[in-house]
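Contents: one structure, followed by commentary.
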Amino acid sequence: MPVIESRLHTASESFQAHRAGMLALLGQVRSHEARSAAASNASAGRFARRGQLLPRERLALLLDTGAPFLPLASLAGLGHDNEDLGKSVPGGGVIAGIGRVSGVRCMVSASDSGIDAGALQPMGLDKQLRVQEIALENKLPYVQLVESAGANLMQYRVQDFVRGGGIFRNLARLSAAGLPVVTVTHGSSTAGGAYQTGLSDYIVMVRDRTRAFLAGPPLLKAATGEIATEEELGGAVMHTHVSGLGDYLAEDDRDAIRIARSILGGIDWARDEVPRRFAPPLYEAEELLGIMPGDGRRPVDMREVIARIADGSEFLEFSEHYGSATVCGHMRLEGHAVGIVTNNGPIDSDGATKATHFIQACCQSRTPIVYLQNITGYMVGRAHEEAGIIKHGAKMIQAVTSATVPQITLHCGASYGAGNYGMCGRGFAPRFCFSWPNARTAVMGGEQAAQTMAIVMEAGMARKGPVDRAKIDAMQRQIVERFERQTSVFTTSALLLDDGVIDPRDTRAVLAEVLAVCRDADARVPQAMQFSVARP
């Protein structure tokens, strides 16, 4: 394949300014993530007195040493618990990601029980539903480390109660799809949350710590008058010896993790990946920090990004001189064949037609597609309307919607208007969707929205009398502020509009991992059943 010759000037003032801006944003991301870990680890003394491990210690023991772990949705709920982002604790009360357990690539979900006893935080429900959806679509076994006080009754919302049933439905779907569900119940699993344990294929319980019951002692006494201790009602010994809910009785957290790893090690699941030969990019990943400007309206040659993630920086561009602002082509990434769709400007009719053709050709050859989003939208104007921009854009959206190969989206910069749709935004269900810290998503730019409304408002005023310029200016400032507040990645990722914010320097590693997940999923044929595995 042809090699991309980079024209990036890494010593220039603009590159250094872009790099500094990206590092500052990345620092904010890491600060928010660190705050969640610190809030959880603050419970270390209490956990130690109970002879328990902290959630992140459990996770570290569960995962294979030295194997990659891809955390998901670490900023979920940012700003929803506290409008001051510097005090908000994101993560949704759940630590989740894709990692290897005894050589088996799994989806792992752990209650962050160091915070509010593991009660679900804002957006925690949506996060759990999303990671279960990823596990189902990519045929991953599901391992959950449960210790949760359940829903926060002080923040009760009926819609969360109803939608929360989706967590249990998905556990049943995972099992029925032939994907093992392994649960370690480290502590409380009560009321409706007891089904998080009960709807599992393999259940490990911890002596003197596990609590699983539909009604705890206070509710039981209030409802029936019966008096029972927590251990009598739902302890690990009772469930492993009497009720049959538990399969394995562990002596402590470490023993429970050991058993969970043994369960995954004992199932017949493909582990060995055929090593692939590949050459690294010719350019340093460090240089990805300085490519994207802080102002999303400034043009960027996205080939500079491709040159730093493609094997050998090789890229075979498709129909280079037709619809040239839309860049399509083939490359390899750690040996995986990949189709790339990205943008060096708005999408015009020729670009939309080319992208449609390319997406369909990738489906024909069963080549996964990666969308590198930096798009201000589709072209507008009389000439473009006459050229059929709507119908050609619609063809591209149809191709994205109906594509039969894995599609992965990375927000590298701007993601505005229908360009978000045509470039496989979250609404089009890509297998995975990640963002760089500078990513910005909106129906349009704030200033553009403000100017549009100002024109409409001024015309309306002119028809009725004198134009109040001060009122128009105030309205414009309000619109710009509203758009800017919602456009940044700290808002969109908090709302689960991506699967996580990644360091640009990790782009190649992240894409390689999820491409491997997709490849294995498409090759695997689990033993699906009509029903999920039922308890004895």
Side-chain angles (χ1 to χ4, degrees), residues 14 17-18 21-22 24-25 28 75 78-80 82-86 88 292-300 325 343-349 351-352 373-394 397 411-423 425-427 435-498:
S14 60
H18 299 164
M22 184 71 81
L25 290 168
Q28 293 180 46
L75 296 186
L78 177 67
H80 291 223
N82 191 319
E83 291 184 1
D84 183 349
L85 297 190
S88 176
M292 305 304 295
D295 183 353
R297 294 170 297 186
R298 295 182 60 182
V300 175
N343 322 98
N344 280 353
I347 304 172
D348 59 15
S349 293
Q373 280 207 17
N374 184 35
I375 180 64
T376 54
Y378 284 85
M379 289 295 291
V380 297
R382 180 176 173 180
H384 295 286
E385 297 292 358
E386 290 176 349
I389 186 62
I390 295 175
K391 70 177 183 181
H392 294 306
I397 288 172
H411 294 274
C412 298
S415 179
Y416 289 129
N420 173 278
Y421 303 161
M423 289 294 294
R426 173 62 104 195
S435 298
W436 283 358
N438 62 301
R440 303 179 70 80
T441 303
V443 67
M444 62 182 71
E447 292 182 2
Q448 183 183 6
Q451 291 173 5
T452 300
M453 290 307 299
I455 293 170
V456 173
M457 191 174 183
E458 183 175 356
M461 287 181 174
R463 288 194 299 268
K464 298 176 181 178
V467 173
D468 187 342
R469 177 51 57 183
K471 188 174 182 179
I472 293 175
D473 291 344
M475 180 270 296
Q476 285 186 279
R477 288 193 296 272
Q478 184 180 25
I479 290 177
V480 169
E481 190 278 330
R482 180 182 299 136
F483 269 69
E484 288 299 310
R485 186 174 65 249
Q486 298 184 67
T487 299
S488 85
V489 73
F490 298 105
T491 295
T492 55
S493 195
L495 291 168
L496 273 296
L497 300 181
D498 62 30

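Hydrogens, waters and symmetry mates play no part in the numbers below; they use all other heavy atoms, side chains included. A quick note: this is a predicted structure, and the numbers were derived from the prediction, not measured.
Note that CG of D473 and CG of D468 are 9.0 Å apart. Values are rounded to the nearest 0.5 Å. Between M453 atom CE and Q478 atom CD the span is 10.5 Å, to the nearest 0.5 Å. Remark: Q476 CD to Q451 CD distance equals 6.5 Å, nearest 0.5 Å. Interatomic distance, I375 CD1 to I347 CD1, rounded to the nearest 0.5 Å: 4.0 Å. With rounding to the nearest 0.5 Å, the separation of CE in M457 from CZ in R469 is 9.5 Å. Put simply, CG on N438 and NE2 on H18 are 10.5 Å apart, with the number rounded to the nearest 0.5 Å.
When side chains are defined from C-beta on, L85 counts as touching L78, because their heavy atoms get closer than 4.5 Å. Counting heavy atoms from C-beta on, the side chains of V489 and D498 come closer than 4.5 Å. Taking 4.5 Å as the limit, every side-chain heavy atom of N344 sits out of range of all side-chain heavy atoms of P299. Taking the side chain as every heavy atom from C-beta outward, W436 and M22 approach each other to under 4.5 Å. When side chains are defined from C-beta on, L495 counts as touching H80, because their heavy atoms get closer than 4.5 Å.
Side chain of N343 to backbone of Q373: no donor-acceptor contact under 3.5 angstrom is found.
A pairwise comparison of heavy atoms in M379 and I389 identifies O-CG1, 3.6 Å as the closest pair. Here the closest heavy-atom approach between residue G79 and residue S88 is recorded as N-OG, 2.8 Å. Across all their heavy atoms, L75 and S493 have their closest contact at CB-OG, 4.0 Å. Taking all atoms of both residues into account, the shortest heavy-atom contact from V300 to M292 is CG1-SD, 4.0 Å. Minimum heavy-atom separation, R485 to T491: O-OG1, 2.8 Å. Contact between A325 and P346 at its shortest, heavy atoms only, is CB-O, 3.7 Å.
Screening H411, Q486, E484 for a side chain to side chain donor-acceptor pair (under 3.5 Å) involving R440 leaves a single residue, E484.
Within the structure, every pair that satisfies the ring pair (Phe, Tyr, Trp, His ring centres under 6.0 Å) test and touches residues 467-490, not counting sequence neighbours, is listed here: H32-F490.
Within 6.0 Å of CZ on R298 lie no more than 12 heavy atoms contributed by other residues, nucleotides or ligands.
In this structure, E386 pairs ionically with R382, as a charged nitrogen and a carboxylate oxygen lie closer than 4.0 Å.
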Legend entry - Audit row: T492, R426, side-chain contact (heavy atoms from CB on, under 4.5 Å) steps and yes/no: CA-CA 11 Å; T492 55; R426 173 62 104 195; over 6 Å; no

